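Notes follow once the structure below has been shown.
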Amino acid sequence: MGAIKTVWGILCVLFLMGPLIVVLPIAFNAGGFVSFPIQGWSLRWFAVLFGDPGWRLSIWNSLIVGLASSALATMLGTLAALGLRGRVGVPVVLARMVFLLPMATPAVVLGVGMQLIYARLGLGSTYAGLIIGHAVLSIPFTLLSVTAALASVDRGVERAAASLGAPPPTVLWLVTLPMALPGIVTGFVFAFANSLDEVVLTIFLAGPNQRTLARQMFLQLRDNLSPAIAAAAFTFIIATICIGITGLWLQHRRKRMMA
């Protein structure tokens, strides 16, 4: 029975990894077109990716928007988790649902709604509007991560600090937040990964100067099927894997700290 489960698990992994196994080698294709099997090995498309002004601008935009929106989402998600911590009742449940609603709402609906609001506020086609939009989508990830981290924080330690004369802000800053820091960092990591991957909302909110890497890949797929897209996908996937490993390591570290 154990061997059957192992074989089944391997087959599932191969099925999920199949598209990547086909796409990723194309990034090293020496030919000028997307083809498989590849015609030869070369790094020319990575040179195009990092040398072309359009691709380079999209990479910088992704980093700027991703870091800024992740920081904003982490701050708001942490504040929300602290405010909802230990509270019960219908208002608390409704408030939690509101914070988690962007996770269940289609990105197209959010994009249309934000576009209409931004037109009135003058935030259309601006970095600020795009950062806010990505932050809205990322808040559920940070809220869930920080909530889980706060649930493992020992309230006795906080009460001990308060009994020794520490005021509530000091307890929060020197006791609660350091103990929940792995969960906060994990929320930031997943918010950043979510921002890198977002393309639908970006199409609605970003202007020509705010084109992110995901949007650039989408436009290139529509206009010109170049192996540079595979190089961008390779970079994208490797970065996502590194971010995921970092998140898993932080979760493991948090469990060890709480043990």
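It should be emphasised that the depicted structure is a prediction, and the values quoted were computed from it without experimental measurement.
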Determine, step by step, whether N194 and S138 satisfy the side chain to side chain donor-acceptor pair (under 3.5 Å) criterion, reporting the C-alpha distance in whole Å, the side-chain angles of both residues, the deciding distance to 0.1 Å, and the verdict.
CA-CA 7 Å; N194 180 65; S138 300; 3.2 Å; yes

Is there a side-chain contact between S145 and T186 (heavy atoms, below 4.5 Å)?
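Yes, close enough: below the 4.5 Å cut-off.
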
Are any of the side-chain heavy atoms of I132 and Y118 separated by less than 4.5 Å?
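Yes, side chains in contact.
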
Backbone N or O of A135 within a donor-acceptor pair of the S69 side chain at under 3.5 Å?
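Between the backbone of A135 and the side chain of S69 there is no qualifying donor-acceptor contact (under 3.5 Å).
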
Which of parallel (below 30°), tilted (30 to 60°) and perpendicular (above 60°) describes F28 and F46?
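Plane angle between 30° and 60°, so tilted.
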
Within one Ile-Leu-Val-Met-Phe-Trp-Tyr cluster: [X] and [Y], side-chain cutoff 4.5 Å:
| X | Y | value |
| --- | --- | --- |
| L67 | I59 | yes |
| L101 | L137 | no |
| W173 | V146 | yes |
| L84 | V93 | no |
| M103 | L79 | yes |

Please name the pair of heavy atoms, one in [X] and one in [Y], separated by the smallest distance, quoted to 0.1 Å.
| X | Y | result |
| --- | --- | --- |
| G122 | T126 | O-CG2, 4.2 Å |
| L213 | S62 | N-OG, 2.7 Å |
| T142 | A191 | CG2-CB, 4.0 Å |

How long is the gap from CD on Q210 to CG on L57, to the nearest 0.5 Å?
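Here the rounded value is 9.0 Å.
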
T235 side, atom OG1; L196 side, atom CG - distance, nearest 0.5 Å
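Reported value, rounded in 0.5 Å steps: 11.5 Å.
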
Evaluate the criterion side chain to side chain donor-acceptor pair (under 3.5 Å) for residue pair T176 and E158; output intermediate values, then yes/no.
CA-CA 7 Å; T176 306; E158 296 174 312; 2.3 Å; yes

N61 and Y127: CA distance, side-chain angles, deciding distance, side chain to side chain donor-acceptor pair (under 3.5 Å) verdict
CA-CA 9 Å; N61 283 338; Y127 281 102; 2.7 Å; yes

For residues 198-206, run the donor-acceptor check on the side chains, cut-off 3.5 Å, and write out each pair with its distance to 0.1 Å, sequence neighbours left out.
residue	atom	partner	partner atom	Å
E198	OE2	V200	N	3.0
E198	OE2	L201	N	2.7
T202	OG1	H134	NE2	3.0
T202	OG1	E198	O	3.2

